[in-house]
Amino acid sequence: MPTLEIRDLHVAVGDKEILRGVDLTVGAGETHAIMGPNGSGKSTLAYAVAGHPKYTITSGAVLLDGEDVLEMSVDERARAGLFLAMQYPVEVPGVSVSNFLRSAITSVRGEAPKLRQFAKDLKAGMDALSMDPAFAQRNTNEGFSGGEKKRHEILQLELLKPKIAILDETDSGLDIDALRVVSEGINRFRSGDTGVLLITHYTRILRYVKPDFVHVFAGGRIVEEGGPELAEKLEAEGYESYTKASA
Ligand SMILES: Nc1ncnc2c1ncn2[C@@H]1O[C@H](COP(=O)(O)OP(=O)(O)OP(=O)(O)O)[C@@H](O)[C@H]1O
Ligand SMILES: [Mg+2]
């Protein structure tokens, strides 16, 4: 049963401490939403777990199925089953979506997928996300609209089949139809024994992707936890009571 355990995680950028003791466990089959004000450290948590070199772990632990994630390279983390959909997906000029995805699968599985099977899976994934097949030949994320980039992140999720997916504001900038299509993609993914950590500002997506737990992030740590009803409370009341308390 895949489980991501984050224990008392402290993370700094340069000499600035951003995460100040995060404790969070995402069990198999669970969906956790993280909500919190701008600059509270949500993306920092996502990057630190994924292994971005800019973020220095000053103390704490991250375990995936009991294995020490912090000892792993970025590639090893992906092979172990961790996936991060970035808030701001990067452009990869000169590499088509098709080639990008095939190399990602190759590096995660340790062997290249058979071309015919890959083409079939890619087409099925793109169909499921209502993506124009022409995207397969375009350079990865180059000139993509905001919503197109987000769909491409979910296409990676469909094809890579990780154990734990961290989705950093995958819902931002999506039109109403795209939000539904992307949510359906996330729901297909979480129908298995997988865990989802969904970072979001809006309760909209939580109507489609029902979280089991909601965590409020402020000032680099989790300041409150609850069920889906907590998201509604935040929408009504905002973060002020938390930001004052954590300042
Ligand atoms: N590479 C960096 N250099 C300097 N400061 C950084 C860096 N990365 C993050 N920070 C700072 O850390 C804080 C947390 O940033 P982070 O991106 O994690 O916030 P967030 O909760 O994801 O916000 P948002 O909701 O706007 O996406 C911010 O004050 C940010 O400026
Ligand atoms: Mg962020």
Side-chain angles (χ1 to χ4, degrees), residues 4 6-24 26 31-60 62 69-70 74 77 82-91 141 144-147 149-154 156-157 164-174 178-179 182-183 186 196-206 209 211 213-226 230-247:
L4 178 70
I6 300 169
R7 290 192 201 143
D8 195 27
L9 191 67
H10 290 249
V11 173
V13 176
D15 51 15
K16 183 179 172 201
E17 187 177 46
I18 296 171
L19 297 189
R20 302 186 296 148
V22 176
D23 284 286
L24 180 62
V26 180
T31 297
H32 294 247
I34 292 188
M35 305 183 82
N38 294 135
S40 56
K42 304 178 300 297
S43 293
T44 301
L45 176 67
Y47 277 128
V49 171
H52 192 296
K54 259 206 188 127
Y55 300 87
T56 312
I57 316 290
T58 48
S59 65
V62 180
V69 168
L70 300 180
V74 173
R77 291 178 203 211
L82 269 178
F83 173 82
L84 169 63
M86 285 184 285
Q87 184 174 0
Y88 302 107
V90 289
E91 299 187 357
N141 287 326
F144 284 24
S145 77
K149 285 181 181 168
K150 300 291 174 166
R151 275 185 217 222
H152 176 243
E153 295 289 298
I154 298 302
Q156 291 176 45
L157 182 67
I164 300 277
I166 304 176
L167 308 176
D168 193 358
E169 296 197 23
T170 301
D171 55 333
S172 69
L174 294 180
L179 181 67
V182 159
S183 300
I186 299 170
V196 177
L197 193 56
L198 188 70
I199 299 171
T200 183
H201 283 294
Y202 306 106
T203 50
R204 286 185 324 170
I205 191 167
L206 304 181
V209 181
F213 304 94
V214 173
H215 309 269
V216 183
F217 222 79
R221 55 162 72 106
I222 290 169
V223 291
E224 189 168 6
E225 297 177 301
L230 180 54
E232 305 293 338
K233 180 180 166 228
L234 295 171
E235 182 126 299
E237 298 175 11
Y239 296 119
E240 211 174 51
S241 60
Y242 304 109
T243 46
K244 275 190 187 139
S246 75

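Numbering of ligands and ligand atoms starts at 1, following listing order.
Checked options Leu45, Val216, Leu24; the residue passing with Ile222 is Leu24 (criterion: side-chain contact (heavy atoms from CB on, under 4.5 Å)). None of Asp168, Leu167, Ile34 except one satisfies the side-chain contact (heavy atoms from CB on, under 4.5 Å) rule with Leu198; the exception is Leu167.
At a heavy-atom cutoff of 4.0 Å, ligand 1 is contacted by both the backbone and the side chain of Lys42. Looking at Tyr55 against ligand 1, only its side chain comes within 4.0 Å, counting heavy atoms. Counting heavy atoms closer than 4.0 Å to ligand 1, residue Val13 contributes side-chain atoms (C-beta onward) but none from N, CA, C or O. Contacts between Thr44 and ligand 1 below 4.0 angstrom, taking non-hydrogen atoms only, involve backbone and side chain alike.
Atoms of ligand 1 lying under 4.0 Å from any heavy atom of Asn38, numbered from 1 in the order shown and given with element: 23 (O), 24 (P), 25 (O), 26 (O). Heavy-atom proximity to Lys16, at under 4.0 Å, picks out these atoms of ligand 1: 11 (C), 29 (O). The distance from ligand 1 to the heavy atoms of Gln87 drops below 4.0 Å at these ligand atoms: 27 (O). Close approach of ligand 1 to His201 (heavy-atom distance below 4.0 Å) involves ligand atoms 25 (O).
Any N or O atom pair closer than 3.5 Å counts here, and Gly39 shares at least one such pair with ligand 1. Taking any N or O of Lys54, backbone or side chain, none lies under 3.5 Å from an N or O belonging to ligand 1.
In this structure, Pro37 is part of the shell of residues with a heavy atom less than 4.0 angstrom from ligand 1. Gly36 does not count as a contact of ligand 1, since none of its heavy atoms falls under 4.0 Å from the ligand.
Nearest heavy atom pair, residue Ala231 against residue Leu206, reads CB-CD1, 3.6 Å.
Among the backbone and side-chain atoms of Ser43, an N/O/S atom is found under 2.8 Å from the Mg ion (ligand 2). Not a single N, O or S atom of Thr44, from either the backbone or the side chain, sits less than 2.8 Å from the Mg ion (ligand 2).
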Working for salt bridge (charged side-chain N to carboxylate O under 4.0 Å, His left out), residues Lys149 and Glu153: CA-CA 6 Å; Lys149 285 181 181 168; Glu153 295 289 298; over 6 Å; no

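Note that OG1 of Thr200 and CD of Gln87 are 10.0 Å apart. Values are rounded to the nearest 0.5 Å.
Environment of OH in Tyr202: sparse, with no more than 12 heavy atoms of neighbouring residues, nucleotides or ligands closer than 6.0 Å.
His215 and His32 have parallel rings, their planes meeting at less than 30° on a 0 to 90° scale where 60° marks the start of perpendicular. The aromatic rings of His52 and Tyr47 stand perpendicular to each other, their planes meeting at an angle above 60°, with 30° marking the opposite boundary.
No side-chain donor-acceptor contact under 3.5 Å links Arg221 to the backbone of Gly21. Side-chain N or O atoms of Lys42 include one that pairs as donor or acceptor with a backbone N or O of Pro37 at under 3.5 Å.
Ile18 CD1, 3.5 Å is the protein heavy atom nearest to atom 10 (N) of ligand 1. In terms of protein heavy atoms, atom 17 (O) of ligand 1 is closest to Ser43 CB, 3.6 Å.
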